[in-house]
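Structure first, commentary second.
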There are 2 protein chains.
Amino acid sequence: MARVGLTPERLTQAGAELADEVGFDQVTVSALARRFDVKVASLYSHVKNSQDLRTRIALLALTELADRAADALAGRSGKEALAALANVYRDYAREHPGRYAAAQLRLDPQTAAASAGVRHAQMTRALLRGYDLTEPDQTHAVRLLGSVFHGYVSLEMGGGFSHSAPDTDDTWARILDALDTLLRNWPEPPTDSRG
Amino acid sequence: MARVGLTPERLTQAGAELADEVGFDQVTVSALARRFDVKVASLYSHVKNSQDLRTRIALLALTELADRAADALAGRSGKEALAALANVYRDYAREHPGRYAAAQLRLDPQTAAASAGVRHAQMTRALLRGYDLTEPDQTHAVRLLGSVFHGYVSLEMGGGFSHSAPDTDDTWARILDALDTLLRNWPEPPTDSRG
DNA sequence: AGGATTTGCCTAATACTATTAGGCAGGTGC
DNA sequence: GCACCTGCCTAATAGTATTAGGCAAATCCT
C-alpha cells in the first residue's frame, strides 16, 4: 500500500485549505482523509482527534496572521500602521475565510497563552505607541481596535452589510479615519452631568 | 403512546434553551429529541431538518434581541440611547450565549430580509438621529456601531480579554464614551497629505 | 356515541462522521 | 538479508441526520 507521507503538519495545512474551501465547521476528519485518498482511521496516528486537528488549524491561522501583521507594521507608524494592521485582518479573512474562522476558535488558556494570539495583542500595543495613550487607556484602546477589526470583518463576511450602499470599502476607509481621529483625541471619562 | 405536543415553536424554544446550556453548535436534533423524551425521527414532522431548526433558533434570537433593543431605546436619546442599545447586546449575549451565537448564523438573503435583523439596522439608525450625521456617514456609523458591539461582545465572551486588567466593564464604559465623542465629532475624510 | 379521518409519534433502514483496537506490509537499521 | 518499527489498513462500535411507512390517539362529522 502506497505510503502517502502523512504528518501532523501536512494534515494541518490541508485542513486549512479545506477550511477555506468549504468552511471551517465543515472540516472533518473524513473529508481530510478523502483529500489524501486515505482511510479515516489513518489520520489518528497523526492527530489526536477532530478537536486536535481543528486546534492545529487555528494555531496555524493565528501564526500566519501574526506574521502578516508583523510584516505590515514594519517601518510604519501612526495612521499608516493602523490601516496596515487593519487591512491585514480584513484581507486575510477574505483570502482565507476558513482559516480566519479557525483563528476565532476558543482555545483553552494554556494553548492560547502559547499561541501567536499574544503577538497580536503585542502588535496592537506597538501600534498604539504612535498615539499618546498610557495605561489603562492603552488597554482600552487595544480592546477597541480588536473589537472593531474583528467585528467589521466578521459582519462584512457574514453578509451583514451586503444589501446596502455605500460600498463597504468606503465605510472601511472612513472607520479607519474615525479610529485614527479617536486615538489622537482619546476622551477622558466624562463626569456624570446628572450630578 | 403519550403525545408530547411537539410544535415548531416549542422545539425552537427548547432548542434556544439547549443552545444556551451547551452552545449553539452542540444543538442537535438528537439532543433536542432526548430533551422531549421522544424519538429523533418525531421531530422531522415539525422542523424540516437540522438546518431549519437552527435557522428558527436564530430568528427567535434576532427577534428577542430586537424587542429588547426597542424597549431599551424607548424614551432615550444621545449617549443614553447609545449605551442602552449597546448594553442590550452585551447583556443578551451574557444571559443567552447560545442564542447570541445563533443570531450570528448566516441566513440566506430572503430569510434575512424577512427577519428581525432589519429592525436592528433601523434602530441603530434611529439612535443616530440624536447625532448630526447625514448619508452616507450615517451608514458608515451604523456599520461602525454594529462592528464594535458585535466585536466586543464576541471577543469578551470568547475569553479574548480575560487574562488582563483592567476590568472589561471599565473598558466597555470607556469605549461607549469614545463612540459618543466620535459620533458627536464625526471626522471628514482627510485629504491625503502626501499630495 | 361511533365511525372516518387526520395527525403525531414510532419502528426500521440508510448513510455519514468519530474513534479505538489490532493487523500487515514497506521502509529502516544493523 | 534479517528484524524491527512505523504507517496505513480492516474491523467494530457509537452518535447524528434523514427518509419511509405504520399504528394509535385525537378530532371531526353525523
* **Candidates C/dA18, D/dA17, C/dC9 - which lies nearest the side chain of A/Tyr44** => C/dA18
* Asked: Nearest to the side chain of B/Arg3, which nucleotide is it out of C/dT17, D/dT16, C/dC9?
  -> C/dC9
* Residue-phosphate contact under 4.0 Å: A/Ser42 side-chain N/O, D/dC9 OP1/OP2 -> yes
* Asked: Would a distance-only check, ignoring hydrogens and angles, find a side-chain to backbone donor-acceptor pair under 3.5 Å from B/His120 to B/Leu62?
  -> yes
* Asked: Under 4.0 Å between a Lys/Arg side-chain N and an Asp/Glu carboxylate O for B/Arg119 and B/Asp67?
  -> yes
* To do: Would you please say whether a donor-acceptor pair under 3.5 Å links the side chains of A/Thr111 and A/Asp108?
  => yes
* Establish, with yes or no, whether the OP1 or OP2 oxygen of C/dT7 is under 4.0 angstrom from a side-chain nitrogen or oxygen of B/Ser45. => no
* Asked: Whole-Å distance between C/dG8 P and B/Phe36 CZ?
  -> 14 Å
* **Rounded distance (Å) that lies between atom P of D/dT18 and atom CZ of B/Arg54** => 10 Å
* Asked: Which is true for B/Val40 with a 4.0 Å heavy-atom rule: it touches a base, it touches only sugar-phosphate, or it touches nothing?
  -> base
* Does the gap between the ring centers of B/Trp186 and B/Tyr131 come in under 6.0 Å? -> no
* Round to a whole Å and report the spacing from CG of B/Asp25 to P of D/dA17. => 12 Å
* **Pairing residues for B/Ser30 by the side-chain hydrogen bond (donor to acceptor under 3.5 Å, both in side chains) criterion, not counting sequence neighbours** => none
* **Phosphate OP1/OP2 of C/dT7: any B/His46 side-chain N/O under 4.0 Å** => no
* Under 4.0 angstrom, heavy atoms only, what part of the nucleic acid is A/Ala41 near: base, sugar-phosphate, or nothing? -> base
* Pairing of A/Arg174 and B/Glu188 as salt bridge, 4.0 angstrom limit -> no
* B/Thr28 side-chain proximity, nearest of C/dA18, C/dT19, D/dA17 -> D/dA17
* **Global bending angle along the helix from C/dA1-D/dT30 to C/dC30-D/dG1, which compares the axes of five pairs at either end, to 10 degrees** => 10°
* Give the rounded distance in Å between these two atoms: CD of B/Gln26 and C1' of D/dA17. => 15 Å
Below 3.5 Å, can you tabulate the donor-acceptor pairs from side chains in residues 39-46 of chain B to any protein atom, sequence neighbours excluded?
residue, atom, partner, partner atom, Å
B/Ser42, OG, B/Lys39, O, 3.2

* For B/Asp37 and C/dC10, what is the distance between atoms CG and C1' respectively, to the nearest whole Å? -> 13 Å
* Closest to side chain of A/Ser30, choosing from D/dA17, C/dT17, D/dC8 -> C/dT17
* Structure fact -> Residue pair A/Arg34/B/Lys39 against DNA chain C: nearer the 5' end by closest nucleotide is B/Lys39
* Asked: Expressed in angstrom and rounded to an integer, what is the separation of A/Gln51 atom CD from C/dT20 atom P?
  -> 13 Å
* Asked: How close or far is atom C1' of C/dA21 from atom CG of A/Asn49, stated in whole angstroms?
  -> 17 Å
